[in-house]
**Student:** 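The structure that follows is given in the form of structure tokens.
Below, chain A is the first sequence line, B the second, and so on; all start at residue 1.
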Amino acid sequence: MLTLSHTVAGDECRIFFPERRTDLAGFESFLGEGDKLLGLDTETTGLDIYSPGYRLRLVQIGNAREAWVLQADLFRDAIIRALRQPRSFGVHNASFDLQVIDRHLGVRIEELADRVLDTKIFAHLLDPRQRHEGGAGLRLKELSEIYVDEAAPDTQEGLTAVFRSLGFTKETGWAGVPIDNETYVRYAGLDVILETRLFYELAPLVKALELSDLSQFEHHLQSLLAIMQRKGVRLDVDYIDRLRSELAVEASDFAKVAARYGVSNVNSTTQVSAALVGMGETLTETTDSGALKVDKAVLLPLADLDRDWTRIEARDPNPLADAVLRTKRAMKWDESYAGAFLKLRDSDDRLHASIGGLQARTARMSISRPPLQQLPSGDWKIRRALIADPGQLIVASDYAQVEMRVLAALCQDETLVEAILSGTDLHDFTAERVFGPDFTKVQRKVAKAIGFGKVYGGGKTTVARQTGQTEAAVAPAMAAYDATFPGIKRYAQRLQRRAEYGKKEVITVSGRHLPLDRDRLYAATNYVVQSTARDLLAQAIVDLFDAGLGDHLLLPVHDEIIAQAPEAEAEEVVQEIGRIMGSTFYGIPILSDPEVYGRSWGSGYGVPAELDAR
DNA sequence: ACGACGCGCCAC
DNA sequence: AAACGTGGCGCGTCGT
């Protein structure tokens with residue numbers, strides 16, 4: 001047995017790496033010592049838990065002074081037995097380890113989740129900011145550096161150096177490093193010691209700040225999201241192959257056009273701006289670093305296209321601008337979406353995108369690998385690639401104007417509340433109050449943009465840019481908006497004043513503390529609205545599982561839930577999903593709009609029937 | 001060759 | 001007085 005010593009926060013700690021069965025006697029007696037909670041961690045070949053060839057390498061179980069680093073292949077039975085003991089485990093980012101353990105050791109998420117406490121959840125509740133935002137960070141090493149031992153990040157760097165010395169990269173080292181490499185074993189053992197110590201530092205803070213109920217809710221939610229991720233979504237691989245060839249042809253055709261104007265690489269902003277200037281175009285906008293800006297907003301007008309890529313007929317289209325836009329779009333769709341789908345699928349052609357259930361500063365969820373929350377929505381082609389299981393249909397229910405409704409509920413502006421309760425179109429209502437009964441289409445657009453501005457914190461410059469109006473025209477409309485809904489402004493000012501004179505934070509109804517940047521206190525309204533909308537969706541997910549509908553759910557997308565149901569009962573299931581998502585929040589109805597899409601996700605985005613999945 | 005960072009673009 | 005929020009990620013560039 002390999003035995004290592006390591007000093008953590010001044011204490012001598014031991015790391016044990018059993019090499020034969022007889023070495024496990026010490027592990028068994030360690031388990032018998034009666035720790036109520038042990039730290040738990042795993043080391044694997046990478047992040048794509050469900051990809052073919054993925055392996056679980058190590059399982060580490062330990063306490064504040066002792067770590068057992070167990071080889072998953074050799075000691076599978078002993079590990080499973082240890083996990084099934086009636087005992088709690090502290091884990092950092094438990095969703096990942098729960099899924100690894102479920103898939104590769106057969107101990108189900110349902111079996112283990114209730115006994116797991118996640119220090120990443122604790123940390124997020126205490127301070128949701130990442131390091132670069134000025135927070136403590138959310139990674140184990142960052143947190144350990146602050147709460148446990150400032151030398152905690154050192155082994156990470158040491159391990160990267162080892163990977164490199166062995167000819168691996170930061171990425172490939174996890175799969176390639178020999179399992180008995182001393183630095184690797186030390187790193188693995190240390191992780192679980194740090195985790196245990198971090199748990200004992202953070203748990204009392206969560207309790208002292210009265211965040212225990214919220215913590216319990218988030219733990220439950222994370223386990224449900226892990227179950228959704230384990231299930232995954234089915235891909236139409238034949239369709240994706242066809243789509244990719246189309247996109248490749250499109251990209252190369254338009255790249256050839258761009259090349260005729262001297263742009264050999266459309267992703268090079270330097271080349272594109274130089275060529276456009278050479279053609280006599282005038283570029284005025286610049287990036288933060290001072291270069292000429294050639295993003296979509298700049299190129300579309302040059303190509304005589306509006307935001308939906310239809311001709312404006314205002315000028316002769318610049319053929320280079322047009323070619324650059326089209327090449328880039330085809331490349332992005334090919335690489336970021338279609339290509340990523342294929343690369344990340346499992347052996348059954350399913351995608352198990354990673355759902356970060358408690359991610360943003362506002363606790364909003366995110367989905368990565370691949371980013372399924374941000375597939376193009378103006379076109380069905382990408383979403384068409386994701387399909388329901390055989391015999392089932394994709395269904396969805398999205399909240400209607402949830403952020404405006406949350407804002408109304410929180411600020412209780414009388415006029416806004418009344419307008420929502422009356423059931424009239426909110427933007428029509430606003431336009432009428434701001435511009436009079438004969439408001440134009442453009443004026444309605446301005447009214448809508450001002451409403452968004454209230455939620456996002458935007459001012460007249462933004463509203464003017466979005467609507468194509470002058471700031472001079474927008475300013476009086478904003479004043480009229482404030483006069484119509486004085487409660488919104490009062491509420492925003494109240495949040496800001498409190499932050500100005502008190503703690504730089506805003507506290508949500510659910511009791512979540514959201515830190516504010518001192519020079520962006522105006523973001524308070526957006527934070528509390530965005531976070532509250534997220535909490536409503538989170539509660540809906542819990543409610544849907546409680547109602548026995550969890551098996552239908554596929555993905556949360558900020559204000560909607562994507563699900564599937566057998567064809568014959570799809571309508572009934574989605575109606576029930578919609579009903580359960582609904583609620584009344586401080587007197588404001590929060591309603592969702594249930595819809596049966598069809599065989600693919602694209603069915604809800606206008607895919608012609610003959611091109612949809614069968 | 002790797003990795004950090006800027007730019008750009010996708011979503012809600 | 002004015003201030004557009006939250007994410008993920010591919011490519012190019014540049015330093016190591």
Side-chain angles (χ1 to χ4, degrees), chain A residues 128-130 132-133 160 163-164 167-173 264-273 285-300 307 324-325 327-329 331-337 339-340 343-344 353-356 358-379 382-383 398-399 401-403 407 449-466 471 475 478 492 496 514 516-517 519-531 533-534 537 555-560:
Chain A
R129 292 171 303 176
Q130 297 176 12
H132 65 86
E133 297 175 309
T160 309
F163 286 177
R164 215 167 269 138
F168 300 111
T169 67
K170 218 174 166 181
E171 287 272 291
T172 58
S264 62
N265 190 332
V266 295
N267 284 316
S268 166
T269 51
T270 329
Q271 279 186 31
V272 173
S273 58
E285 291 200 65
T286 55
T287 66
D288 287 344
S289 62
L292 286 176
K293 204 169 194 172
V294 281
D295 64 6
K296 212 169 135 182
V298 172
L299 296 182
L300 280 171
R307 278 180 33 204
V324 168
L325 284 164
T327 314
K328 284 175 83 166
R329 183 170 65 172
M331 284 174 72
K332 169 141 182 123
W333 285 17
D334 191 16
E335 288 305 320
S336 302
Y337 305 125
K343 204 162 67 195
L344 294 166
S354 175
I355 305 174
L358 186 56
Q359 187 68 17
R361 188 197 293 220
T362 57
R364 248 192 177 191
M365 302 174 203
S366 77
I367 299 187
S368 58
R369 332 179 117 255
L372 295 184
Q373 283 181 327
Q374 59 214 57
L375 306 185
S377 60
D379 189 298
I382 297 295
R383 292 182 195 238
D398 66 316
Y399 284 125
Q401 303 165 317
V402 65
E403 291 189 325
L407 179 59
I450 297 174
F452 270 111
K454 291 297 162 194
V455 171
Y456 287 144
K460 69 175 180 207
T461 315
T462 317
V463 174
R465 188 166 357 106
Q466 271 180 358
E471 291 190 27
M478 290 190 80
Q496 271 192 67
L514 306 174
L516 299 167
D517 301 332
D519 54 343
R520 288 167 63 242
L521 295 183
Y522 65 86
T525 313
N526 173 252
Y527 282 10
V528 73
V529 168
Q530 187 181 107
S531 191
R534 177 275 185 193
L537 188 76
L555 295 167
V557 187
H558 300 313
D559 65 354
E560 66 178 324

**Student:** Please tell me if the side chains of N267(A) and K328(A) come closer than 4.5 Å, counting only heavy atoms from C-beta onward.
**Tutor:** yes
**Student:** When the distance from NE2 of H558(A) to C1' of dT6(C) is rounded to whole Å, what number comes out?
**Tutor:** 7 Å
**Student:** If you check the K170(A) side chain, which of dG5(C), dG7(C), dG3(B) turns out closest?
**Tutor:** dG3(B)
**Student:** Checking all strands, does F452(A) fall into the base, sugar-phosphate, or nothing category for heavy-atom contacts under 4.0 angstrom?
**Tutor:** nothing
**Student:** What's the CZ-P distance between R383(A) and dA11(B), to the nearest Å?
**Tutor:** 7 Å
**Student:** For the pair made of CD in E403(A) and C1' in dC4(C), what is the distance, rounded to whole Å?
**Tutor:** 12 Å
**Student:** For residues L537(A) and Y399(A), determine if any side-chain heavy atom of one lies less than 4.5 Å from a side-chain heavy atom of the other.
**Tutor:** yes
**Student:** When you measure from the side chain of K460(A), which nucleotide among dG8(B), dG5(C), dA2(C) comes out closest?
**Tutor:** dA2(C)
**Student:** Please check the phosphate of dG5(C) (OP1 and OP2 only) for any side-chain N or O of T525(A) closer than 4.0 Å.
**Tutor:** no
**Student:** Holding to salt bridge (charged side-chain N to carboxylate O under 4.0 Å, His left out), I want the full list of residues that pass it with E471(A), two or more places apart in sequence or in another chain.
**Tutor:** none
**Student:** Report, as a single string ordered 5' to 3', how protein heavy atoms within less than 4.0 Å touch nucleotides 11-16 of chain C: B base, S sugar-phosphate only, - not at all.
**Tutor:** SSS---
**Student:** Record whether the side chain of Q374(A) comes under 3.5 Å of the base of dC12(B) through a donor-acceptor pair of N or O atoms.
**Tutor:** no
**Student:** Quick one: label L521(A) by what it contacts on the DNA or RNA (base, sugar-phosphate, nothing), any heavy atom closer than 4.0 Å.
**Tutor:** nothing
**Student:** With a 3.5 Å cut-off and sequence neighbours excluded, list the donor-acceptor pairs that the side chains of residues 519-527 of chain A form with protein atoms.
**Tutor:**
| unit_1 | atom_1 | unit_2 | atom_2 | d |
| --- | --- | --- | --- | --- |
| R520(A) | NH1 | D517(A) | OD2 | 2.3 |
| N526(A) | ND2 | V455(A) | O | 3.0 |

**Student:** Please work out if R534(A) contacts a base, only the sugar-phosphate, or nothing of the nucleic acid, heavy-atom cut-off 4.0 Å.
**Tutor:** nothing
**Student:** With a 4.0 Å limit, can you tell me whether T362(A) has a side-chain N or O closer than that to the phosphate oxygens OP1/OP2 of dT6(C)?
**Tutor:** no
**Student:** Categorize K296(A) for me: base, sugar-phosphate, or nothing, with a 4.0 angstrom heavy-atom threshold over every strand shown.
**Tutor:** sugar-phosphate
**Student:** Have a look at Q359(A) and say if it touches a base, only the backbone sugar-phosphate, or nothing, with a 4.0 Å heavy-atom cut-off.
**Tutor:** sugar-phosphate
**Student:** Quick check on DNA chain C: between A340(A) and Q130(A), whose nearest nucleotide comes earlier from the 5' end?
**Tutor:** Q130(A)
**Student:** Quick one: side chain to side chain contact (heavy atoms under 4.5 Å, CB included) partners of T270(A), sequence neighbours excluded?
**Tutor:** S268(A)
**Student:** Touch check for R520(A), heavy atoms < 4.0 angstrom, all strands: base, sugar-phosphate only, or nothing?
**Tutor:** sugar-phosphate
**Student:** For DNA chain B, which residues in residues 364-373 of chain A have a heavy atom at a distance below 4.0 Å?
**Tutor:** R364(A), Q373(A)
**Student:** I'd like to check the salt bridge (charged side-chain N to carboxylate O under 4.0 Å, His left out) partners of R129(A); sequence neighbours left out, ordered by chain and number.
**Tutor:** D127(A)
**Student:** Heavy atoms only, 4.0 Å cut-off, all strands: where does G453(A) land among base, sugar-phosphate and nothing?
**Tutor:** nothing
**Student:** How many Å lie between CD1 on I355(A) and C1' on dG8(C), as a whole number?
**Tutor:** 15 Å
**Student:** How long is the line joining CD1 of I450(A) and P of dC4(C), in whole Å?
**Tutor:** 15 Å
**Student:** By nearest nucleotide on DNA chain C, pick out whichever of D517(A) and T461(A) is the more 5' one.
**Tutor:** T461(A)
**Student:** Drop me the distance from I355(A)'s CD1 to Q373(A)'s CD, to the nearest 0.5 angstrom.
**Tutor:** 8.5 Å
**Student:** Which nucleotide sits closest to the side chain of T169(A): dA11(B), dC2(B), dG10(C)?
**Tutor:** dC2(B)
**Student:** If you check every side-chain atom of W333(A), which of dC12(B), dC4(C), dC10(B) has the closest atom?
**Tutor:** dC10(B)
**Student:** Counting any heavy atom closer than 4.0 Å, what does E471(A) reach on the DNA or RNA strands: base, sugar-phosphate only, or nothing?
**Tutor:** nothing
**Student:** Within the 4.0 Å heavy-atom criterion, would you say V294(A) contacts the bases, only the backbone, or no part of the nucleic acid?
**Tutor:** sugar-phosphate
**Student:** With the side chain of K328(A) defined as its heavy atoms from C-beta on, choose the nearest nucleotide among dC4(C), dC12(B), dG8(B).
**Tutor:** dG8(B)
**Student:** Figure out the CD/P separation between Q530(A) and dG5(C), and round it to whole Å.
**Tutor:** 11 Å
**Student:** Listed by chain and number, what are the salt bridge (charged side-chain N to carboxylate O under 4.0 Å, His left out) partners of D559(A), not counting sequence neighbours?
**Tutor:** none
**Student:** Going through the checks in order, is the side chain to side chain contact (heavy atoms under 4.5 Å, CB included) test met by M331(A) and V266(A)?
**Tutor:** CA-CA 10 Å; M331(A) 284 174 72; V266(A) 295; 4.1 Å; yes
**Student:** Output all residues satisfying side chain to side chain contact (heavy atoms under 4.5 Å, CB included) with S368(A), sequence neighbours left out; order by chain, then residue number.
**Tutor:** S354(A)
**Student:** Taking atom C1' of dC9(B) as reference, at what distance in whole Å does atom CD1 of I382(A) sit?
**Tutor:** 13 Å
**Student:** Once salt bridge (charged side-chain N to carboxylate O under 4.0 Å, His left out) is applied, do any residues pair with E560(A), and if so which ones, sequence neighbours excluded?
**Tutor:** none
